[in-house]
Structure formats: structure tokens, C-alpha cells
Amino acid sequence: MSFLSFLLGEKKNTANVAKERLQIILAHERSGRNAAEPDYLPALQRELIAVISKYIKINPADIKVQVDRQDNLEVLEVKIELPETR
């Protein structure tokens, strides 16, 4: 995003915003913190619920967010159970 776009308040695509947020979160977590469960997960889950609720009526319990660690690999897993459409 250019400086001029920033000053003029140009809106970003929501997918790009979500991608940037996830990149920031992952970079923050990789910076040396080794907590059993990252502290951003509840906030991330709330934000996902808010965004998805704009488009689909969903139960907040149907969204699960977790980080799995295996050796040197961290995987952010997001499970979203969508209601059936009739």
C-alpha cells in the first residue's frame, strides 16, 4: 500500500486484510515465544465469527481455531462448520 493510499484512506480487499493479519500473527509467534497456546487465538476466533456472521448466520461454537506444533513446523488450523443450505 502506498503512502498516498494510506493518507487517503483507500479501502483494502478483506481477503488481503485477513492475509496480512495472519502474517503478522505468525511472525509474532515465531519471534521466540513458546507458549502452549498463543494468546491471540481467542481474538482471532472472535474476529472470524464477526466476519463470517456478516454473510452467514453461524453459531460461534461452530468455529474452532488452534495451533498445532510438530517438530519445527507450526500449523494454524481453522475449522468452520457451515449450516446446511436448503
Side-chain angles (χ1 to χ4, degrees):
M1 173 166 63
S2 71
F3 184 70
L4 185 57
S5 296
F6 177 76
L7 289 177
L8 295 177
E10 183 178 308
K11 291 213 171 209
K12 287 186 170 184
N13 182 330
T14 55
N16 287 336
V17 172
K19 179 181 173 183
E20 288 176 11
R21 286 180 181 171
L22 286 174
Q23 288 174 336
I24 291 168
I25 290 169
L26 291 174
H28 175 71
E29 283 303 308
R30 290 181 179 158
S31 68
R33 291 178 1 122
N34 286 327
E37 183 175 300
D39 58 353
Y40 65 82
L41 288 181
L44 179 61
Q45 187 166 357
R46 285 190 302 273
E47 288 184 19
L48 285 169
I49 291 167
V51 170
I52 293 170
S53 294
K54 289 181 182 180
Y55 305 98
I56 300 172
K57 186 173 181 176
I58 191 165
N59 182 353
D62 292 339
I63 297 179
K64 307 282 188 241
V65 180
Q66 68 183 41
V67 174
D68 293 327
R69 290 181 177 85
Q70 299 171 352
D71 300 323
N72 293 340
L73 182 65
E74 291 185 9
V75 177
L76 177 64
E77 185 176 1
V78 179
K79 294 181 182 179
I80 304 170
E81 209 174 298
L82 297 174
E84 292 184 28
T85 57
R86 295 180 189 176

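Nothing here was measured: the structure is a model prediction, and the numbers come from that model.
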Handout entry: Residues that K57 engages under side-chain contact (heavy atoms from CB on, under 4.5 Å), provided they are two or more places apart
Key =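 Expected list: none.
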[Y] reachable from [X] in the ILVMFWY side-chain graph, under 4.5 Å edges:
| X | Y | value |
| --- | --- | --- |
| L82 | I49 | yes |
| V65 | L73 | no |
| V67 | V75 | no |

Practice task
Could you grab the distance from atom CD of Q66 to atom NZ of K79, nearest 0.5 Å is fine?
Solution key: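 Atom-to-atom, Q66:CD and K79:NZ are 6.0 Å apart.
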Handout entry: Inter-residue atom distance E74.CD - D68.CG, 0.5 Å rounding
Key =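 Nearest 0.5 Å value for the CD-CG distance: 10.0 Å.
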Problem - Minimal non-hydrogen separation, I63 against I80, with atom names - result: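 Looking at all heavy atoms of both residues, the shortest contact is CG1-CG2, 4.1 Å.
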